[in-house]
Amino acid sequence: MNKKILIFIILSLNILLAQQKEKIQNEDRLQWFKDAKFGIFIHYGIYAVNGIDESWSFYHNKISYEDYMKQLEGFTAKNYDPNKWANFFKEVGAKYAVMTSKHHDGVALWDTKLSDLSVVKKSPAKRDLLKPYADALRKVGLKVGVYFSHLDWSHPDYATVYNGNDTLPKNPNYYDVPMPGKQSKERWENFIKFRNGQLEEVFKLVNPDLWWFDGDWTRTKEQWKMKELRDLLLSWNPNVILNSRMQGYGDYATPEQGIPIYGPNGPWELCLTINNSWGYQHKDTNHKSVSYLIRIFADCISLGGNLLLDIGPMEDGSISPEQTERLKGLGRWINKHAEAIYGTERGIPFEYFLGPTTLSKDKKTLYCFVINQPKHEIIVKGIKNKIKNIRLIGTNENLNYKIVGKLYWSEVPGVLQVFIPQEKADENITVFAIDLDSPLELYSDKK
Ligand code: GLC
């Protein structure tokens, strides 16, 4: 064989092997995240003082920048008790949390040495809020996520380049784009150094298990130096997980508020507010009901995703009674049905069962979520395997079932009917497990 061809084949094989290795490593790295299913998002910041939109309120000129920053004077964190938070999150079934270390307003919750804009230097709270948060989570075995905004509407070197090219957008917002004459590639370089410097501070302080980035839409990936950023974060901690707001350099998708219908491919997490706001807003009383949150959560895990449910603590660090109540309600249901939730995988299509489902990793147990009260027999179609047993999740008692309409000469499986005594049903979603003698196989007549 020609020597060149041989070298080419060897090189290609090496590349393939390296790619395969990276894929396996990535899957291992993300395993805890895929198993976790439920996390708590925390938008904690000075915007809780007036109860207005985080950062966006001054960006959209609903309040002046000066008045927005005056909220610093009212930010006390005087009842901030991250141990209490962490215990509560654990109690309601969360496996990780993600807290805003710095939102688009640029106000840091830790003692950054690279700017004066922190609650440590500028607010009566006068202390770092990030390390106590991370320590408290780790003490109870929860993973530590840190939200960090790429963009920073307070930093003087941020609005110094346009997004991608040199032309002024139609309706320039000068928090984002340079004022006439303020364009400067050097100052943008300084901004990138500042961003990386702050990230390094946070890394040294808490070494997050997960970085939750935001605000990547204002610049190109080249301007953000996203590839370098990914490499840097993984060089600090090779196990760290990155969300997708990194223009192609993250690990998992983050649909926001809108519930996916089919769900993204690969790992993902829906971030969702309990009312309409990310941060605490006393006027926003539009809280979602517990039953709705349970339904959405079941949909997420059925489609192979996680739910990152947001709370907005008040400025003193306490969680409102309305949000507490929602978390408790969801937590009750999660704890009862833990077996059908953690460590499971995406379920089966609705054609087979009219409701959310999840599958155990060995695919030998199918969990079915009955979204309405079970007044009649529940139907599951198309299961080819032998059924060993059907159990009610929560009490683990066996349920009666029968298979109807199975013809000995036809390959179409019979219809499974499951009977749930009404008094045994959950007040929200009842879950039962179908234990199979082998990994699930579904019949299909799809042409
Ligand atoms: C959006 C908003 C931001 C919020 C985030 C949470 O990107 O800009 O205010 O923190 O969603 O996902």
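Whatever order the structure lists them in is the order used to number ligands and atoms, beginning at 1. Values below: every heavy atom of this structure, side chains too, minus hydrogens, waters and symmetry copies. Given the structure is predicted, the values throughout are model-derived calculations rather than measurements.
Among all non-hydrogen protein atoms, the one lying nearest atom 10 (O) of ligand 1 is His43 NE2, 2.6 Å. Of all protein heavy atoms, the one closest to atom 8 (O) of ligand 1 is Trp56 NE1, 2.9 Å. The nearest protein atom to atom 5 (C) of ligand 1, hydrogens excluded, is given as Asp214 OD2, 3.3 Å; this is a heavy-atom distance. Ranking the protein heavy atoms by distance from atom 9 (O) of ligand 1 puts Glu54 OE2, 2.8 Å first.
At a 4.0 Å heavy-atom cut-off, ligand 1 touches Trp217 through the side chain alone. For Gln257, no heavy-atom contact with ligand 1 is shorter than 4.0 Å.
For the pair Phe369 and Ile301, the minimum side-chain heavy-atom distance is below 4.5 Å.
Against a heavy-atom cut-off of under 4.0 Å, His104 is close to the following atoms of ligand 1: 3 (C), 8 (O). Within ligand 1, counting atoms from 1 as listed, the ones closer than 4.0 Å to a heavy atom of Cys271 are 12 (O). Residue contact check: His103 has heavy atoms under 4.0 Å from atoms 3 (C), 4 (C), 9 (O), 10 (O) of ligand 1.
In terms of N/O distances under 3.5 Å, ligand 1 is approached by Glu256.
Crowding of Lys336 atom NZ: a count of heavy atoms from other residues, nucleotides or ligands under 6.0 Å exceeding 12.
In this structure, the side chain of Arg391 does not engage the main chain of Asp435 through any donor-acceptor pair within 3.5 Å.
Atoms CD and CD, on Glu201 and Gln198 in that order, are 6.0 Å from each other to the nearest 0.5 Å.
The shortest separation from a heavy atom of Tyr59 to ligand 1 is not under 4.0 Å, leaving the residue out of contact. By the 4.0 Å heavy-atom criterion, Trp212 is counted among the residues contacting ligand 1.
Between Trp224 and Trp217, the gap from one ring centroid to the other reaches at least 6.0 Å. Here Phe203 and Trp211 keep their ring centres 6.0 angstrom or further from each other.
Stacking of Lys95 on the aromatic ring of Tyr342 is recorded, both the 6.0 Å distance cut-off and the 45° axial limit being met.
The aromatic rings of Tyr59 and Trp153 lie parallel to each other, with less than 30° between the two planes, well short of the 60° mark.
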